[in-house]
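Let me begin by presenting the structure, written as structure tokens, before commenting on it.
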Amino acid sequence: MDTTKPTIICLMGPTACGKTAVSSAIAKVLSCEIISVDSALVYRGCDIGSAKPSVEEREAIPHWLVDICEPNEPFSAGDFCDYADEAIQVILSKNKTPFLVGGTMLYFKRFLHGFAELPESSLNVRSELEKKANAIGWQAMHDELRVHDPKAAARIHPNDRQRILRALEVLQITSTPISQLQADTQSNNAYRAINIIIEP
């Protein structure tokens, strides 16, 4: 591993596997500040069923990316990467270790392995695709995706309307399969990541 790069620790696992207790213990020993990698914890008021750390836990160890936006505000994996990078720089400036903890694997994947340069969503294109889906059905839309982008279709379930829609939208806007754009992404080489995975 490249020891010239700043070290970050990543603790991954599903809800209720004990990440909060483990991360708190590690953070105290290694002088860390925690960056939440959770798509629910960014929202204020989403406390039930999200295993949000208590106020006491957050006072004992600084937590980043918790309660940072309202439930009606969109928050994407790209937003997470931007916020996480900013938080890491602040934590490093304090001579502490950034500790990314959570279960939203899409956020971890995008942050550690790169983020595809995909086009902004187009309301017009989406509207037309949704009209088409209402007319021919989502299975037919998935079949169409399989013709134009078999790799994406193989990993997107026929019932996953949102991802089918996005893949077809990207294809229509760029004339390039989303699977190809995602394959061209570059890893985030700015950090030396120590990854830990725990299970229930």
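Source: prediction; values computed, not measured. Side chains are part of it too, since the values below use all heavy atoms of this structure and drop only hydrogens, waters and symmetry mates.
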Spatial distance of atom [atom1] ([X]) from atom [atom2] ([Y]) [nearest 0.5 Å]:
X      : Y      : atom1 : atom2 : result
Phe111 : Thr104 : CZ    : OG1   : 14.5 Å
Ser122 : Glu128 : OG    : CD    : 9.5 Å
Asp149 : Ser179 : CG    : OG    : 3.5 Å
Arg110 : Ser76  : CZ    : OG    : 10.5 Å
Ile35  : Ser23  : CD1   : OG    : 12.5 Å
Asp38  : His63  : CG    : NE2   : 11.0 Å

[X] and [Y]: same hydrophobic cluster, using ILVMFWY side-chain contacts below 4.5 Å?
X      : Y      : answer
Leu171 : Leu181 : no
Ile61  : Ile91  : no
Ile8   : Met12  : yes
Phe108 : Phe75  : yes
Val42  : Ile34  : no

Subject >> Residue pair Glu57, Thr20: steps toward the side-chain hydrogen bond (donor to acceptor under 3.5 Å, both in side chains) verdict >> reply: CA-CA 9 Å; Glu57 287 168 328; Thr20 300; 5.4 Å; no

Subject >> CZ/Arg166: more than 12 non-hydrogen atoms of other groups inside 6.0 Å >> reply: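 Yes - once you tally the heavy atoms of other residues, nucleotides and ligands closer than 6.0 Å, there are more than 12.
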
Would the distance check show the side chain of [X] and the main-chain N or O of [Y] forming a donor-acceptor pair, the cut-off being under 3.5 Å?
X      : Y      : value
Ser127 : Leu123 : no
Glu73  : Glu70  : yes
Lys19  : Leu11  : no

**OP:** Starting from the C-alpha separation in whole Å, work towards a yes-or-no answer on side chain to side chain contact (heavy atoms under 4.5 Å, CB included) for Ile173 and Val125.
**Re:** CA-CA 8 Å; Ile173 292 171; Val125 172; 4.2 Å; yes

Original post:
Residues in side chain to side chain donor-acceptor pair (under 3.5 Å) with Arg163, at least two apart?
Top reply: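 Arg163 satisfies side chain to side chain donor-acceptor pair (under 3.5 Å) with no other residue.
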
Side-chain donor-acceptor distances from residues 133-145 under 3.5 Å, at least two apart:
| from | atom 1 | to | atom 2 | distance (Å) |
| --- | --- | --- | --- | --- |
| Asn134 | ND2 | Glu130 | O | 3.3 |
| Gln139 | NE2 | Asp143 | OD1 | 3.0 |
| His142 | ND1 | Arg146 | NH2 | 3.4 |
| His142 | NE2 | Ala153 | O | 3.2 |
| His142 | NE2 | Ile156 | O | 2.7 |
| Asp143 | OD1 | Arg146 | NH1 | 3.0 |
| Glu144 | OE1 | Lys132 | NZ | 2.7 |
| Glu144 | OE2 | Lys132 | NZ | 3.3 |

Original post:
Below 4.5 Å, heavy atoms only, C-beta onward: do Lys96 and Ser31 meet side chain to side chain?
Top reply: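 The answer is yes, as the side chains (C-beta and beyond) meet within the 4.5 Å cut-off.
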
Original post:
Which of these passes side-chain contact (heavy atoms from CB on, under 4.5 Å) with Ile9: Leu100, Leu30, Val101?
Top reply: Leu30

**OP:** Run the numbers on Glu33 and Phe99 for side chain to side chain contact (heavy atoms under 4.5 Å, CB included), then give the verdict.
**Re:** CA-CA 6 Å; Glu33 293 192 8; Phe99 193 3; over 6 Å; no

Subject >> side-chain hydrogen bond (donor to acceptor under 3.5 Å, both in side chains) evaluation trace for Tyr43 with Asn72 >> reply: CA-CA 9 Å; Tyr43 293 109; Asn72 62 341; over 6 Å; no

Subject >> Worked verdict on Asp67 versus Arg58 for salt bridge (charged side-chain N to carboxylate O under 4.0 Å, His left out) >> reply: CA-CA 11 Å; Asp67 291 341; Arg58 283 182 269 166; 3.1 Å; yes

